[in-house]
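Step one of this worksheet: look at the structure below.
Chain identifiers are assigned alphabetically (A, B, ...) following the order of the sequence lines, protein sequences preceding nucleic acid strands; residue numbering begins at 1 within each chain. Predicted model only: the values in this text are computed from it and were never measured.
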Amino acid sequence: MDFITGQLNNKQKEAVLTGDGPVLVLAGAGSGKTRVLTSRVAHLVMEKGVYPSSILAITFTNKAAREIKGRVGKMMGGDMWFPWIGTFHSMCLKMLRMYPESLGYRKGFVIYDQDDQKILVKDCLKELDLDSKLFPPKMIIHQINRSKDELIDAEKFNKENASDYKLSIAGKVYELYQKRMLENNAMDFGDLIANAVKMLRENENIRMYFQNAFKHILIDEYQDTNTAQYELAYILSEKHGNIFVVGDDDQSIYGWRGANIRNILDFEKDYPGCMVIRLEQNYRSTTNILDAANDVIKNNLGRKGKTLWSDKGTGGKINYYRAATNSMEAYYIASRIQKGIEAGRDYEDYAVLYRVNAQSRSIEQALRDKKIPYRIYGGISFYQRKEIKDVLAYLKLIQNPNDNVQLKRVINEPKRGIGKTTLTRMEEYAIDTGSSIYEVAGDIRIYPNLSKSVEKVSVFVGIIEKLRKSAAEKSVADLYDDVILYSDILKQYKLDNTIISRSRIENIKELKSAIMTKAEEQYESFGEKLTLEVFLESVTLATDADEETEGTHVSIMTLHSAKGLEFPIVFISGMEEGVFPSFQSFSEGRLEEERRLCYVGITRAMEEVYLLNTMQRTLYGRTQSYPESQFLREISPALIEHKSGGGFGRRNVGQSTRDSFGGMRITKGGKPITIAGFTAVPGEAANVKTGQRVRHKKFGDGTVTNTEGSGGDKMIEVSFDIAGTKRLMASFAKLKIVD
DNA sequence: ACGCTTCCAGTTTTT
DNA sequence: CTGGAAGCGT
């Protein structure tokens, strides 16, 4: 059908129309890979007569899954039975939910995130009487996670590392950790994949069931797959052999997280007779930008090889600016943006990228001072906030009272006078008797040394028991109300009564909206009542609580977060040896991944790129000089235009770049604002005082009733005449002082 | 048991 | 400079 392939170039068409068998699509940045993937799904269904339900399309992020779902739905008219489209984690979860017993798990197992993981690892260290100084939880967690990515279980890990003292200890922790996970009926993110593979490997019936079910498997961002995900895809595609993967080896930037670039590099070896299609036409950037990106990436040895081109015209040169300090670098960025806005650009056209989050401070400062609205991407999401996680821990505990990790989180939240000593003793008894802490808590009277805590612990058990009853009888939303009521979790926050604690209360209340929305969805999509189990799982695998795009703004984020995005104008800050590439990457063969990151950064830009660095940078409270990044030198000088204005701000600058830094304030302090979903429109808010009349764009007029904190952290409470009382962050509030 | 102080380490983070 | 964790004093 024409409308599927009508808008595709020849290579893309080839990828969409290729018949059965393994296919590798090497899709360069901006070459339309999502379009190819979605078109192929539509093509399979509408022209090849493949049952939608026998198609499995796997992505890495919920966002990508949503996007593909949306596009495929549109192509197919929307009313067709959807193919199985989801993330690796969500599809593994789906499979595991069907046969949890095959792995010794029970129905309704929960998912542990990195927080839970950390608590459990620390527990295990304590139980094994290990010093967390000598064996940092971080390192242990890393070992465990990487092992799972590589499908190495505790037993195998111990066998392989028997000769290494530290690692053999880590292996002991790993072993205990897994034991406790099973007892708690919990899986971490790594388990979801590794256990799915284990389940398929060890159970012929289950394996055959899924192998038959999925006649076509499509995988997005294949360069990011780890060994476990590779194996999963391999097993699932074994029967029909229709595996279609799309990816770009040059954009593999998550090796440190377990991604195995060999998966894409060796695809042809692993799937003999496969088709390889290269998408090299870029629809995003000017040729100068692509040439620069190509110049950089060609220095990598381990790559498939690909040269992007476009017909977007040459475009301007790559801008290079060397500033004296990081604040000056930031001010340069801000003033370029300001100039652009004056010339008719939109804030949305700009992105500022950096290697480490710590760099964002000075950039934010400069943007705020120049009153440029910005938004930080990649902050802490709603579901990762402490107060939300606490409420969720109650809900998880209600579902499984034997989950020690959740219990420890909430037994003294709010403060109930149950302290470390009591908890430690209960834990010890739990281990000795092979029961859970909750079970010990229930029988607390019979244990010695705990008499002082009987009262307090019994109160807690009473609360949970009452809530379990509620859970059996009530909807999730009503259960939520009971949790708030019986646990009295708002107590401390109400007592503190600071602006911050009040916003925490609001967040907790917001969780109820999330529950009700989910309940509605569940009813509309499946005609089912929302169960606690379904709600909890939807929450753990949900990430970026959908960003409400309020107002126009500049985007600032790490280079990693920028993957998959595009902007007309991109600034890359900190092109310094030691910052980018980071000094940690100098050892071993990790430089190539940094270079790919650089490639990713440059290829985000459609029209203009600014590469920036400084002679002196203050990072982590230390001021240092860093040499110019080697990546800069890799770009052909002919492509680069050196912007003047470097030096220590004294030099005369050309008329076209007349960036006066005279009288520049370099304000100190000002914590970074990393709350996702906030749009900064700095105004006069930083200076308001209690009692002052102010005007807000959305809320109207009001009176300032309270202020708290200072600098970038300052919170303002305003009683609006119509909208009621609101708490705003001074640095973001769109406030005007009314005379 | 808990809050306050001091000390220390500090990339990148799709799930 | 920061945030988290361990240590100390009440």
Can a donor-acceptor pair under 3.5 Å be found between the side-chain atoms of A:Gln114 and the base atoms of B:dT15? yes
Grab the CE-P distance between A:Met95 and B:dT15 for me, whole Å please. 19 Å
Measure from NZ or CZ of A:Arg590 to the centre of the six-membered ring of A:Phe586, then state whether that distance is under 6.0 Å and the direction lies within 45° of the axis. no
Would you say the side chains of A:Asn507 and A:Glu387 form a donor-acceptor pair under 3.5 Å? yes
Whole-Å distance between B:dT13 P and A:Arg257 CZ? 10 Å
For A:Arg409 and A:Asp115: C-alpha separation, side-chain torsions, deciding distance, then whether salt bridge (Lys or Arg N to Asp or Glu O under 4.0 Å) applies. CA-CA 10 Å; A:Arg409 204 178 162 104; A:Asp115 260 29; 3.5 Å; yes
Residue pair A:Ser582/A:Arg416 against DNA chain B: nearer the 5' end by closest nucleotide is A:Arg416
Can you find a side chain N or O atom of A:Asn357 that sits less than 4.0 Å from OP1 or OP2 on B:dT11? no
So, OP1 or OP2 of B:dT15: does either fall under 4.0 Å of a side-chain N or O from A:Tyr112? no
Does a nitrogen or oxygen in the side chain of A:Lys118 sit under 4.0 Å from OP1 or OP2 of C:dA5? yes
Spacing of A:Glu364 atom CD relative to C:dC1 atom P, expressed in whole Å: 17 Å
If you look at every strand shown and take non-hydrogen atoms under 4.0 Å, does A:Tyr254 touch a base, only sugar-phosphate, or nothing? base
In terms of the nearest nucleotide of DNA chain C, which residue is placed more toward the 5' end: A:Lys122 or A:Lys420? A:Lys122
Mind telling me whether B:dT12 is syn or anti, cutoff 90° either side of 0? anti
Looking at A:Glu221 and A:Phe60, would you say the former's side chain and the latter's main chain have a donor-acceptor pair under 3.5 Å? no
Among B:dA1, B:dT15, B:dC2, the one nearest A:Phe189 by side-chain distance: B:dT15
Establish, for the pair A:Arg596 and A:Tyr254, whether the NZ or CZ atom is under 6.0 angstrom from the six-membered ring centre and no further than 45 degrees off its axis. no
Any side-chain N or O of A:Ser132 under 4.0 Å from OP1/OP2 of C:dA5? no
So which nucleotide from B:dT11, B:dT13, B:dG3 ends up closest to the side chain of A:His560? B:dT13
Atom CG of A:Asp248 to atom P of B:dT14: distance rounded to whole Å? 20 Å
May I have the distance from A:Tyr620 (atom OH) to B:dG10 (atom P), rounded to whole angstrom? 10 Å
Need one value for A:Thr421: base, sugar-phosphate or nothing, where a base atom within 4.0 Å counts as base even if backbone is also close, heavy atoms only. sugar-phosphate
Phosphate-side-chain proximity, A:Asn145 and B:dT15, N/O vs OP1/OP2 below 4.0 Å: no
Contact summary for A:Cys124 and A:Val173, nearest pair of heavy atoms: CB-CG1, 3.9 Å
Heavy atoms only, 4.0 Å cut-off, all strands: where does A:Thr422 land among base, sugar-phosphate and nothing? sugar-phosphate
Determine if A:Trp256 stacks with B:dT12; use a centre-to-centre distance below 5.5 Å and an interplanar angle below 30° as the criteria. yes
Check whether any side-chain nitrogen or oxygen of A:Ser561 sits under 4.0 Å from OP1 or OP2 of B:dT12, and answer yes or no. no
Using a cut-off of 4.0 Å on non-hydrogen atoms, how would the nucleic acid contact of A:Asn412 be classed: base, sugar-phosphate, or nothing? sugar-phosphate
Taking only side-chain N and O atoms of A:Lys63, does any of them lie within less than 4.0 angstrom of OP1 or OP2 on B:dT15? no
Write down the distance between CD (A:Glu221) and P (B:dT13), rounded to a whole number of angstrom. 16 Å
Indicate, with a heavy-atom threshold strictly under 4.0 Å, whether A:Gly621 touches base, sugar-phosphate, or nothing. base
Separation of A:Leu597 atom CG from B:dT14 atom C1', in whole Å? 14 Å
Nearest nucleotide by nearest heavy atom, which residue falls closer to the 5' end of DNA chain B, A:Ser453 or A:Ser585? A:Ser453
Considering only B:dC2, B:dT11, B:dT13, which nucleotide approaches the side chain of A:Glu594 most closely? B:dT11
Send over the distance from A:Lys452 NZ to B:dA1 C1', rounded to a whole Å. 10 Å
Nearest listed nucleotide, side chain of A:Leu541, among B:dT15, B:dT11, B:dT14: B:dT15
Determine the contact category for A:Gln359: base if any of its heavy atoms lies under 4.0 Å from a base atom, sugar-phosphate if only primed atoms, P, OP1 or OP2 are that close, otherwise nothing. nothing
Only counting residues at least two apart or in another chain, list the ones meeting ring-ring contact (aromatic ring centres under 6.0 Å, His included) with A:Phe631. A:Phe580
